[in-house]
Amino acid sequence: MQKVRTMLYVDDVEQVVDFWQNKLGAQVVEVNALPDDSENIVVTVAPNVELSFFAKSFIRQYSPEVLGATPSLILYSRDFEGLHDRLTTAGKIVENSGTRTFNFRDPEGNYFVIGEAK
């Protein structure tokens, strides 16, 4: 597998992308103009792992069948402690099956998990 790209549907694409850039070090790799004058923004969060953000309003109009719950993602990081310190919405560090993890909330209230890379 060359690359994994997960599509996420949010209310405010720019705000959410800004969060991922400033708090998690994501880098914008694509900005695509869409037919409704909104933009799809793709960021890379790790080598070969991308998140592709679309406005929910666009998805409601063009692909309403895929609009649903946010996927449950766990991202692994060697900067585990640093991310925990930088993310103001970080939850308590817990151990799950021998791996330290914590959850965090994005600006729209979606929860994701960071696992400690070994």
Side-chain angles (χ1 to χ4, degrees):
M1 196 175 308
Q2 294 287 324
K3 174 175 31 177
V4 174
R5 180 180 286 182
T6 301
M7 296 181 291
L8 298 173
Y9 313 126
V10 300
D11 292 315
D12 187 332
V13 171
E14 289 182 16
Q15 178 187 37
V16 172
V17 167
D18 184 64
F19 170 82
W20 282 87
Q21 286 180 291
N22 292 321
K23 301 295 185 183
L24 294 145
Q27 299 293 314
V28 173
V29 293
E30 283 182 35
V31 177
N32 303 296
L34 298 173
D36 68 343
D37 295 325
S38 68
E39 292 181 328
N40 158 243
I41 301 178
V42 180
V43 300
T44 184
V45 294
N48 301 321
V49 179
E50 297 175 344
L51 300 177
S52 180
F53 295 99
F54 290 86
K56 287 180 183 177
S57 59
F58 172 80
I59 297 301
R60 271 188 208 97
Q61 184 175 359
Y62 291 92
S63 288
E65 69 279 2
V66 300
L67 191 58
T70 302
S72 186
L73 300 178
I74 182 168
L75 306 167
Y76 290 87
S77 176
R78 286 187 170 77
D79 186 26
F80 181 81
E81 297 282 343
L83 283 175
H84 187 264
D85 292 344
R86 284 193 304 277
L87 291 165
T88 57
T89 62
K92 180 180 176 182
I93 294 174
V94 297
E95 188 170 314
N96 288 309
S97 303
T99 300
R100 292 191 323 151
T101 64
F102 66 86
N103 68 12
F104 68 93
R105 187 181 72 247
D106 76 4
E108 294 191 357
N110 299 304
Y111 279 87
F112 302 97
V113 174
I114 300 291
E116 185 175 32
K118 297 178 180 183

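In this text, all values refer to a predicted model and were calculated from it rather than measured experimentally.
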Side chains of [X] and [Y] in contact at under 4.5 Å (non-hydrogen atoms):
X    : Y    : value
N103 : V94  : no
I41  : V16  : no
I114 : L24  : yes
F54  : L34  : yes
D79  : R86  : yes
E81  : R100 : yes
I93  : E116 : no
F80  : F102 : yes

Taking all heavy atoms of [X] and all of [Y], pick out the closest pair and write down the distance.
X    : Y    : result
Q21  : V28  : NE2-CG2, 3.5 Å
I74  : G115 : CG1-N, 4.1 Å
G109 : R105 : CA-CG, 3.4 Å
V10  : F53  : CG1-CD2, 4.1 Å
H84  : G91  : NE2-O, 2.8 Å

Legend entry - Pairwise distance CG(N96) to OG1(T101) - rounded to 0.5 angstrom: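 N96 atom CG to T101 atom OG1 measures 4.0 Å (nearest 0.5 Å).
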Legend entry - Cluster overlap V42 with L8, hydrophobic side-chain contacts below 4.5 Å: no
Inset, instruction - Go through the steps to decide whether K118 and T99 satisfy the test side chain to side chain contact (heavy atoms under 4.5 Å, CB included), and finish with yes or no. - result: CA-CA 9 Å; K118 297 178 180 183; T99 300; 3.9 Å; yes
Inset, instruction - Would you mind telling me which of Y76, W20, F19 makes a ring-ring contact (aromatic ring centres under 6.0 Å, His included) with F112? - result: W20
Legend entry - side chain to side chain contact (heavy atoms under 4.5 Å, CB included) evaluation trace for V17 with L51: CA-CA 9 Å; V17 167; L51 300 177; over 6 Å; no
Legend entry - Any donor-acceptor N or O pair under 3.5 Å, side chains D36, S38: yes
Legend entry - E14 atom CD, over 12 foreign heavy atoms within 6.0 Å: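 No, the 6.0 Å shell around CD holds no more than 12 heavy atoms from other groups.
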